[in-house]
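In what follows, residues are counted from 1 in the order of the sequence shown.
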Amino acid sequence: MTHHTVTVQVKAVRVTLHDVQLTLQVPGSRAPSRTTIERHIRDLDPAILDNACTSDTVDYSRFAELLEVLDTQVTEESEGEAEHAA
């Protein structure tokens, strides 16, 4: 019986959602809209939001998911070869 041994290099992502509370100073003479606040948060240094995401703020975590297969190597072995290699 023949089988294939496959070695695969992949990129994967693990998604973790955080519930984070930030206190921000948003410039302007009027109360900012939700859109303005969201734009302000997107314009912040990414490290600010990254530092706010801690193990205490984790709301949900998913298992890793495949993003891309980068490289594959396939080796075909017969049953006799596999036993001989062992």
Side-chain angles (χ1 to χ4, degrees):
M1 177 175 178
T2 301
H3 68 276
H4 298 88
T5 301
V6 180
T7 302
V8 182
Q9 182 178 357
V10 301
K11 286 198 181 269
V13 63
R14 183 172 186 185
V15 177
T16 302
L17 300 177
H18 293 262
D19 280 332
V20 176
Q21 182 173 332
L22 300 172
T23 302
L24 306 171
Q25 292 185 348
V26 179
S29 57
R30 299 186 328 187
S33 67
R34 184 182 188 110
T35 303
T36 300
I37 294 168
E38 184 174 329
R39 188 173 347 145
H40 184 73
I41 292 169
R42 290 185 188 280
D43 291 342
L44 290 174
D45 179 348
I48 293 171
L49 193 54
D50 191 53
N51 290 335
C53 295
T54 67
S55 59
D56 294 333
T57 64
V58 173
D59 178 52
Y60 177 79
S61 188
R62 290 182 66 168
F63 291 107
E65 294 182 18
L66 175 67
L67 288 179
E68 179 182 359
V69 175
L70 300 174
D71 189 30
T72 62
Q73 294 178 356
V74 179
T75 305
E76 184 176 324
E77 297 179 9
S78 66
E79 190 172 315
E81 290 174 348
E83 290 174 3
H84 182 47

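Side-chain atoms of Ser61 and Leu17, non-hydrogen and from C-beta on, never get closer than 4.5 Å to each other. Taking 4.5 Å as the limit, some side-chain heavy atom of Thr36 sits within range of a side-chain heavy atom of Val26. Side-chain contact between Leu49 and Leu22 is present, with at least one heavy-atom pair separated by less than 4.5 Å. Counting heavy atoms from C-beta on, the side chains of Glu68 and Leu70 come closer than 4.5 Å. In this structure, Leu24 and His40 have side chains that are in contact, with non-hydrogen atoms separated by less than 4.5 Å.
Between Val20 and Ala52, the shortest heavy-atom distance links the atoms CG1-CB, 3.3 Å.
The closest donor-acceptor contact from the side chain of Asp50 to the backbone of Pro46 lies at 3.5 Å or more, if one exists at all.
Val10 is linked by a side-chain contact (heavy atoms from CB on, under 4.5 Å) to Val8, Leu66, Val69, counting only residues two or more places apart in sequence or in another chain. By the side-chain hydrogen bond (donor to acceptor under 3.5 Å, both in side chains) test, Arg62 pairs with Glu65, sequence neighbours left out.
The CD atom of Gln9 lies 10.5 Å from the OG1 atom of Thr72; values are rounded to the nearest 0.5 Å. Taking NE2 of His4 as the reference point, atom CD of Glu76 lies at 4.0 Å (rounded to 0.5 Å).
Counting only residues at least two apart or in different chains, salt bridge (Lys or Arg N to Asp or Glu O under 4.0 Å) contacts with residues 19-40 comprise Glu38-Arg42.
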